[in-house]
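Heads up, the thing below is written out as structure tokens.
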2 protein chains.
Amino acid sequence: MENRFIDKLHGFGPLSDEDVAALKAATSKPRNVAGRRDLIREGDRPGPVFVVLEGWACRYKILPNGTRQVLAFLMPGDACDLHIGLLAEMDHSIQTITPALVATIDRTEMDELMDRRPGIAKAMYVAQLVDEGTMRAWITSMGRRTSIERVAHLMCELYLRARNIGLTDEPELALPLSQLLLADSLGMTPVHLNRVLKELRVSGAMILQRGSLLVADPGKLVQIAGFDENYLHRRLRRAA
Amino acid sequence: MENRFIDKLHGFGPLSDEDVAALKAATSKPRNVAGRRDLIREGDRPGPVFVVLEGWACRYKILPNGTRQVLAFLMPGDACDLHIGLLAEMDHSIQTITPALVATIDRTEMDELMDRRPGIAKAMYVAQLVDEGTMRAWITSMGRRTSIERVAHLMCELYLRARNIGLTDEPELALPLSQLLLADSLGMTPVHLNRVLKELRVSGAMILQRGSLLVADPGKLVQIAGFDENYLHRRLRRAA
DNA sequence: CGCAGCCTTGATCAAAGTCAATAGACGTGG
DNA sequence: CCACGTCTATTGACTTTGATCAAGGCTGCG
């Protein structure tokens with residue numbers, strides 16, 4: 001509960017006491033942001049790096065026809081791209097979902113941290129690679145998974161991420177994401193998502209209700225999602 | 001035609017003569033790779049950084065049910081993630097599409113380049129941000145664009161990328177991508193892609209045939225794709 | 001010449017979207 | 001404390017999009 005950003009980076013590489021102190025200092029003046037507030041908008045000049053210490057946020061894009069695509073969920077401990085300042089303008093927006101505690105680290109300070117503290121730099125790069133892996137998983141989901149698989153896969157992802165950072169250690173997780181928001185992240189309509197959630201509920205795999213995800217049958221959920229997709233592939237590889 | 005990787009980085013930030021010399025040295029021993037050869041497979045321990053100097057390649061993932069999702073196209077000048085070596089194993093595979101000229105830069109050499117040559121580091125980071133932006137555009141396409149918009153959008157992307165690196169300066173582009181491969185990148189069936197391509201051909205926007213993309217009516221193609229999605233959004237922003 | 005790998009087209013089917021109505025949940029102010 | 005408005009969730013009826021199945025047709029190459 002101290003500083004979820006530091007906790008998360010700890011998981012990605014060893015941090016010295018000095019590293020921790022530097023990170024603590026860099027995120028020592030977070031501000032409270034209400035829910036549904038844009039932190040930065042598509043087209044804006046990128047500013048400081050945002051770090052979400054508490055609460056949830058998302059990256060999203062609005063299309064010309066008015067529809068929205070959510071590109072990623074940021075949970076406590078997540079930060080947005082380090083090098084974002086190198087680009088002329090944002091290609092997407094970032095918005096809080098719930099009230100959140102957000103720290104900002106300005107570019108020069110971030111650059112210094114990365115330069116002087118290899119431990120921090122390494123952990124940040126790993127975090128970025130993990131985020132990229134998540135994006136690839138999303139592309140895969142959207143392209144080649146059915147809607148029920150896609151929903152199950154996202155729930156697996158969110159649950160595991162939450163568990164990794166200690167947001168929960170039970171089969172239940174507080175998930176403050178409306179069906180509309182989830183639908184916009186999964187590339188489907190809220191109506192259809194609602195039906196899929198019902199199907200998952202009836203199957204006994206998981207229950208998503210009143211802001212809470214209950215993973216009722218982890219094995220079943222993972223099986224529906226095809227979450228273990230590496231396994232088969234790795235075994236085939238030896239033959240090739 | 002000299003070294004497309006260096007040409008591309010030039011576009012992303014100023015490079016000194018020493019930077020160029022260092023890059024030239026690092027990519028001076030490329031090897032020829034046949035088409036349809038995996039450079040690295042999902043589950044493998046990441047090795048050196050790959051740089052595609054000539055020819056085309058793609059990132060992809062195979063799902064448990066045997067379907068494939070293409071995650072990105074690599075054209076001449078493109079490299080795979082710098083920090084990939086930090087991860088324990090690849091979460092996707094990379095395969096050549098055509099015969100290709102591929103340089104490998106091993107991790108220590110890459111680290112040195114990034115450390116000692118800020119110009120190179122900056123250009124590489126910008127390249128990576130651009131790649132991430134492309135992934136976000138793909139997620140957006142898959143989630144919220146119809147199949148014809150999606151196809152048109154991908155063609156805009158590929159054409160512009162090709163133009164940026166000097167692969168073409170005409171409305172035509174040699175595109176050695178089979179309909180099957182394109183379908184696997186767009187999350188649709190080859191049959192449906194074929195019909196969409198016909199529709200685009202009949203509409204006069206573009207013609208994709210015999211390994212060649214002809215952008216017959218750029219305005220129309222951009223309009224179908226909704227490629228200028230920023231414009232509307234930026235104007236709305238002022239009111240908010 | 002004949003095979004293999006694409007590409008093309010038609011007919012049919014299933015998945016997901018759209019439209020519409022109703023029901024809960026929740027916060028606000030009287 | 002209740003009435004009201006707003007936002008979110010749920011369900012039904014119907015439509016559309018894209019997938020599936022199946023049959024040729026090109027093209028390049030050994």
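Convention: sequence-line order gives letters A, B, ...; per-chain numbering from 1.
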Open item on the list: Could you measure the distance from the CD atom of B/E199 to the CG atom of B/N194? Nearest 0.5 Å is fine.
Closed with: 12.0 Å
Open item on the list: In whole Å, I'd like the distance from the CG atom of B/L197 to the C1' atom of C/dC7.
Closed with: 10 Å
Open item on the list: Using whole Å, what does the distance between atom C1' of nucleotide D/dT10 and atom CG of A/L180 come to?
Closed with: 14 Å
- [ ] Determine whether the side chains of B/R144 and B/T140 contain a donor N or O and an acceptor N or O closer than 3.5 Å.
- [x] no
Open item on the list: So, OP1 or OP2 of C/dT8: does either fall under 4.0 Å of a side-chain N or O from B/N194?
Closed with: yes
Task: Gap between atoms CG and P, on A/L182 and D/dT8 respectively (whole Å) - done: 12 Å
TODO: Would you mind telling me which of D/dT10, C/dT8, D/dT8 lies closest to the side-chain atoms of A/S178?
DONE: D/dT8
Open item on the list: I need a per-nucleotide contact map over nucleotides 12-30 of chain D, read 5' to 3'. Cutoff is protein heavy atoms under 4.0 Å; write B for the base, S for backbone only, - otherwise.
Closed with: BB----SSBB---------
Task: Centroid-centroid under 6.0 Å between B/Y60 and B/H92 rings - done: no
TODO: To the nearest 0.5 angstrom, please state how far the CG atom of B/N65 sits from the OG1 atom of B/T67.
DONE: 3.5 Å
Task: Separation of atom CD1 in A/I97 from atom P in D/dC7, rounded to whole Å - done: 18 Å
TODO: For residues A/I139 and B/M135, report the shortest heavy-atom separation together with the two atoms involved.
DONE: CD1-O, 4.0 Å
TODO: Could you state the atom-to-atom distance from CG of A/L181 to P of D/dT8 in whole Å?
DONE: 10 Å
Open item on the list: Does this structure show an ion pair linking A/D169 with A/R163, if we count only N-O contacts that are shorter than 4.0 Å?
Closed with: no
Open item on the list: With a 4.0 Å limit, can you tell me whether B/Q209 has a side-chain N or O closer than that to the phosphate oxygens OP1/OP2 of C/dC7?
Closed with: no
Open item on the list: Looking at C/dT8, I'd like to know if its phosphate oxygens (OP1 or OP2) sit under 4.0 Å from a side-chain N or O belonging to B/Q179.
Closed with: yes
